[in-house]
Amino acid sequence: MPENVSHEIPKTYEPQAVEAHWYQRWIDADCFRAVLDAARPERAFAIMMPPPNVTGVLHMGHLLNNTIQDVLVRRARQKGMAALWLPGTDHAGIATQSRVEKELRKNGVTRHTLGREKFVAAVADWRDKHGGIILDQLKKLGASCDWSRKIHTLDPDYSQSVLQTFVTLYQRGYIYRGRRMVNWCPVSLTGLSDEEVIMKPQRSVFYRMRYEIVEHPNEFVEIGTTRPETIPGDTAVAVNPADTRYAHLIGKHVWRPFPRAKIPIVADPLVEKDFGSGVLKVTPAHDKVDFEIGRRHKLEVLDVMNPDGTMNALAGDDLAGLDRFDARTVAAEKLRSLGLLIKEEPYENNVGYSERADVPVEPRLSEQWFIRYPKVEEAKRAVTEGVICLHPERWKKVYLHWLNNVQDWCISRQLWWGHRIPVWYKKDADRNDPAACHVAIEPPADPENWEQDTDVLDTWASSWLWCLSTLGWQKPGDTTPELNFWYPTSVLVTAPEIIFLWVARMIIAGLEFHGPEKNTLTDAEIRARIPFQNVYFNGIVRDTQGRKMSKSLGNSPEPLDLIARFGADGIRLGLLSIAPKGQDILFDEERIAPGRNFCNKLWNAARFRQMSGGKNTTPATSLAALAARINPALCDANDHAILSALAAATDTINTAFDAFDFNTYTATLHQFFRTDFCDWHIEVSKARIQNDATRDTALAVYDICLRQFLLLLHPVAPFISEELFHLLGYCGENDFIQNICPDSGESILQTLATHGVTIDQCAVADTSVLREFITTARALKSRQNLGARKDSRLILTPKDTHAQAFASARSDMIKKLVGASELIFSDPPTDNNPATPTPLGTLTLDTTGNIDTAAEKKRLSNELQRLDNLIAASNTKLANPAFLAKAPPAILAGARAQLADLLSRRDELARLLASMNRPPSPEGTTAP
RNA sequence: GGGGGUAUAGCUCAGUUGGUUAGAGCGUCUGCUUGACAUGCAGAAGGUCGCAGAUUCGAAUUCUGCUACUCCCACCA
């Protein structure tokens, strides 16, 4: 055993112990600390972790998202980049506040009985207790974040920057206050942005009713609604100005049923002629469209609801105090009793739900702060010009569509947990008079005369600064050494769900705030201001039925439990290899088990390498040192083949990384290691390991493969790769695999050549012929249920002298791999022994009777039929003059060669089939 | 209503710019405790590449239409 292999590899791989050990060592050695290198800006590589909510618990989506980030950052670290992965958490206004309010309610306490200051303190307290859990859980996954830089969106510095951007945007004219229709959540009691409203199809009732025309008693117009409870808020009915049916009624009035009142009939183009009766009841206080119509026609705005969704006094005695949905039933009853209800029809429509509270939002008129987005054109250009690349690219369209239709952003929330809006109003003054507003981070000098706005900012109005404020940015135009070095960051890894809520807004924030104030930006300025260069959208992790993971469905596995059972590396490998590019993932434990199995396989292969010994005493910490152990004269064709495959796999993986193609990455790891290295190369070279003369060279080839493979594997499976790298002595005791860059394919070939091993492509080709021959021979045996026997006699009728020499030289190898006691070269026996064509000639299995002749004949006929079909197709193609004239020569030659091959195999099969039809010869087997 | 996405083996997915007989993992079947590994090995079965056209010498791949499922956006009450 080599001296540098100082520890024996245990029999079974125990991920828990290995993971805990290495994570601690990495932390102790400060492996994840990002150190800027101002002199070499090209070394910068940064990823900002999408900050999880402090209320969040680790779920499958986090596992995938953070695995991808960790893979990218570890890869960068190996390549010698100054790699920064910055973690943090989001204060998550509504979610956190509701969570704590719920706790308080258990003790009969509300935020109002507690008061603002104490309540915020209580929430902060809860956050301090629970908010860090999710990041600690990520450590179990192996996340290599620079934990010393952990940021929270309510940290004092971060908060300052949030307030400062509000003030700046106000000064630049992008922020205004207005009485507008907003999406009101009657449970959270706050306004919401459009992006926080989820449309859901709803089974509703469409009420068709009639309103009497004031000027024409006993004449009615029919009106449809799904919300009769809002009738008391009606202040008009509207028709389309081009609708001839109602033209004579415009300017007249109808009776609102309850409370009974005269309301005008107006004409407005927003009304669809063809929908329902073409008459719309207008409730300006409770519908966005109606509000717009009301504004144009100067209609009264009658708010008949309380903030909590109950009806108020204006709704009339029968409805007042009722919940909006109960009021709907009562209102319908009232219509019926008044004889105004024509019909109730089942109806499916889309209703907006509050994302957090999951109740229908109520369009509600209220005073809110809005942002008119700056730099919208530049934000589009950043993506259309490819300054920011989206992966997969198709999200471009979604992103641009949003920007093309973007509405002003309602940023005030009627909550207490968050960044309090930095605006003070002069007492007893008109709040809409700018002169009576003090907008600044610092309160006015005479605070007793002012009142601060009670609202806080939308959480996303803080997280849109994530790429800036995490790097010490405090105010627009700021630069810091950290910003200069790491900004723009390299990749953002996130879910497409938040492309509007977060991604687009971060881009806008970067463009507006990073650099001096400018109205428009050049391409170069865009390049300098964007927050990230790439966005990788990972899919959503769903269950096997395609449903989102959720607590209430109980379909979400416990990630820490999975890590304990499969190992972090196993999960990472499993998740990454099943994640289709840009598609959602259907998660099932069964589907990630191969990740764990692969780790086990690797462990055992390493163990086999170590148990195979070797007399090397020199350290083997580089490719060159390992290559130096090879005696080129002892390299066989299999060595050439596996080393060639290693270089090819390396190149494939490098290309895959550049394209964020993780499918190819994991598939290549699997193909190379399992199929090429373990199942073929190790097996085929075992004899050479047992031979003193060849052992060192064979082991050196193992080591080159294992070392390079571990380096390539490390980003996705950091723990096991580090452990084995050390156990196999590929680095010093105090080194880490993260600091070692895998050689490129070309560099591997060059280093080998320097040490006398120039990959021989003929040898590589020979190996693939041998593999095919072995597989065919095994199949031949297996069909006779002799797969496990090692005493079979094989008779090869070589197709030419080269084939004979080839097989003869490898006779021992073939016998061992196929499981045969003899390999005889001879003409085919004349009786009905099973046989098969192979690349080297016809191979016959010498059986002593008892073969299933019928089954074998059937198989041969099927195979013959298949070949005949292929030959027919091939002939047709080659008989086509157009093909002969237009196909490239290489394709043509290929087609001809293929046909020749098919024909010879067909002839051989036909001969074998014919021989099976003869009665068996009485002597049994024939031999030369 | 508008815009995406997907459709390939029983299941989940690969399939690079069109090119020789469409691949993998899981599952299934058969055999095997082979001196690293049963979380394994060997072998096998299994596909009209959603449907219909078009382009081409040649289409899973490009184009058109259709169908099914799915996601996002949207002010039809």
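These values consider heavy atoms only, across backbone and side chains, with no hydrogens, waters or symmetry-generated copies. By convention in this document, chain letters (A, B, ...) are assigned in the order of the sequence lines, proteins followed by strands, and residues within each chain are numbered from 1.
Residues A:Lys288 and A:Glu292 are not paired through a salt bridge, judged by the lack of any N-O separation under 4.0 Å between the basic side chain and the carboxylate. Ion pair A:Arg596/A:Glu589 not flagged as a salt bridge, since none of the NZ, NE, NH1 or NH2 atoms sits closer than 4.0 Å to an Asp/Glu carboxylate oxygen. A salt bridge links A:Asp234 with A:Lys281: the distance from a Lys NZ or Arg NE/NH1/NH2 to an Asp or Glu carboxylate oxygen falls below 4.0 Å. The pair A:Arg905-A:Asp901 meets the salt-bridge criterion, with a side-chain N (NZ, NE, NH1 or NH2) lying under 4.0 Å from an Asp/Glu carboxylate O. A:Asp584 has a carboxylate O that lies under 4.0 Å from a charged side-chain N of A:Arg542, or vice versa, which qualifies the two as a salt bridge.
Look at CD1 on A:Ile774: it is 10 Å from P on B:rG43, rounded to the nearest Å. Per the geometry, CD belonging to A:Glu345 stands 19 Å off P belonging to B:rC76, to the nearest Å. Atom CG in A:Asp290 sits roughly 9 Å away from atom C1' in B:rC75 (whole-Å rounding). Here B:rU39 presents its P atom at 11 Å from CZ of A:Arg674, a figure rounded to the nearest Å. The nearest whole Å value for the distance from the CG atom in A:Asn405 to the P atom in B:rG2 is 15 Å. A:Phe662 has its CZ atom 19 Å from the P atom of B:rC13, to the nearest Å. In this structure, the CD atom of A:Glu497 is 17 Å from the P atom of B:rU70, given to the nearest Å. Nucleotide B:rU21 holds its P atom 7 Å from the CG atom of A:Leu870, rounded to whole Å.
Taking the side chain of A:Leu270 as heavy atoms from C-beta on, and the options B:rG43, B:rU21, B:rC75, the nearest nucleotide is B:rC75. With B:rC41, B:rA14, B:rG43 as the choices, the nucleotide that has an atom nearest any side-chain atom of A:Arg778 turns out to be B:rG43. Counting only heavy atoms from C-beta on, A:His670 has its side chain closest to B:rG25 among B:rA77, B:rG25, B:rU39. Comparing B:rC76, B:rU39, B:rA36 by their closest approach to the side chain of A:Glu272 singles out B:rC76. In the set B:rC73, B:rG19, B:rU21, the nucleotide with an atom closest to the side chain of A:Phe500 is B:rC73. The listed nucleotides are B:rC41, B:rA36, B:rC72; the one nearest the side chain of A:Asp679 is B:rC41. Ranking B:rC37, B:rA36, B:rG19 by closeness to the A:Phe883 side chain, first place goes to B:rG19. The listed nucleotides are B:rG40, B:rA36, B:rG19; the one nearest the side chain of A:Ile891 is B:rG19. Here the side chain of A:Leu586 is nearest to one of B:rU12, B:rC41, B:rU21, namely B:rU12. Among the nucleotides B:rG25, B:rG43, B:rA14, the one closest to any side-chain atom of A:Ser782 is B:rG43.
Between A:Gly224 and A:Val197, it is A:Val197 whose nearest contact on RNA chain B lies nearer the 5' terminus. Comparing A:Tyr13 and A:Pro580 against RNA chain B, the residue whose closest nucleotide sits nearer the 5' end is A:Pro580.
Using a 4.0 Å heavy-atom criterion, one finds that A:Asn349 contacts the sugar-phosphate atoms exclusively. Across all strands, A:Leu280 comes closer than 4.0 Å to base atoms (heavy-atom distances). Looking at heavy-atom distances under 4.0 Å, A:Arg905 makes contact with a base. If you check every strand for non-hydrogen atoms under 4.0 Å, A:Thr283 touches nothing. Residue A:Gln898 is in base contact, counting any heavy-atom pair closer than 4.0 Å across all strands shown. Using a 4.0 Å heavy-atom cutoff across all strands shown, A:Ala779 reaches sugar-phosphate atoms only and no base atom. Among the heavy atoms of the strands, none lies under 4.0 Å from A:Lys816. Here A:Phe587 lies out of heavy-atom contact (under 4.0 Å) with every strand. Residue-level contact check: A:Lys288 touches neither bases nor backbone, having no heavy atom under 4.0 Å from any strand. A:Ile682 comes within contact range of at least one nucleobase, with a heavy-atom separation under 4.0 Å. A:Pro881 comes within contact range of no nucleotide atom at all, as no heavy-atom separation falls under 4.0 Å. A:Leu902 comes within 4.0 angstrom of a base, heavy atoms only.
To the nearest whole angstrom, the two C1' atoms, one in B:rU21 and one in B:rC49, are 15 Å apart. The gap from the C1' atom of B:rU20 to that of B:rA59 amounts to 15 Å, rounded to the nearest Å. For the C1' atoms, the distance linking B:rU70 with B:rA77 amounts to 28 Å, nearest Å. Comparing the C1' positions of B:rG15 and B:rA9 gives an interatomic distance of 14 Å, to the nearest angstrom. Nucleotides B:rG5 and B:rG43 have their C1' atoms positioned 39 Å apart, rounded to a whole Å. Taking atom C1' on both B:rG10 and B:rU28, the two are 8 Å apart, rounded to the nearest angstrom. Taking atom P on both nucleotides, B:rG65 is separated from B:rA22 by 30 Å, rounded to a whole Å. Spacing between B:rG23 and B:rG46 at atom C1', rounded to whole Å, works out to 14 Å.
Taking a pair to require two hydrogen-bonding distances under 3.5 Å in either a Watson-Crick or a G-U wobble arrangement, B:rA7 pairs with B:rU67. Nucleotide B:rC37: unpaired (no Watson-Crick or G-U wobble partner with both distances less than 3.5 Å).
Remark: A:Gln407 CD is loosely packed, at most 12 non-hydrogen atoms of other residues, nucleotides or ligands lying under 6.0 Å away.
Evaluation of atom-type donor-acceptor distances gives no pair under 3.5 Å for the side chain of A:Arg783 against the base of B:rU30. The base of B:rU39 lies outside donor-acceptor range of the side chain of A:Arg565, with no N or O pair under 3.5 Å. Side-chain atoms of A:Glu683 and base atoms of B:rA42 include no donor and acceptor less than 3.5 Å apart.
A sub-4.0 Å separation between OP1 or OP2 of B:rG40 and a side-chain N or O of A:Asn597 is present. Distances shown here put every side-chain N or O of A:Ser612 at or beyond 4.0 Å from the OP1 or OP2 atom of B:rA36. The phosphate of B:rA36 (OP1 or OP2) has a side-chain N or O of A:Lys686 nearer than 4.0 angstrom. Side-chain N/O atoms of A:Lys397 include one lying less than 4.0 angstrom from OP1 or OP2 on B:rG4.
Relative orientation of the A:Phe677 and A:His681 rings is parallel, given thresholds of 30° and 60° on the angle between their planes. The aromatic rings of A:Phe709 and A:Phe673 sit parallel to each other, their planes meeting at less than 30°, with 60° as the upper class boundary. Classified by interplanar angle (parallel below 30°, tilted 30° to 60°, perpendicular above 60°), the ring pair A:Tyr702/A:Phe608 is tilted. Ring geometry, A:Tyr665 versus A:Phe657: the interplanar angle falls from 30° to 60°, so the pair is classed tilted.
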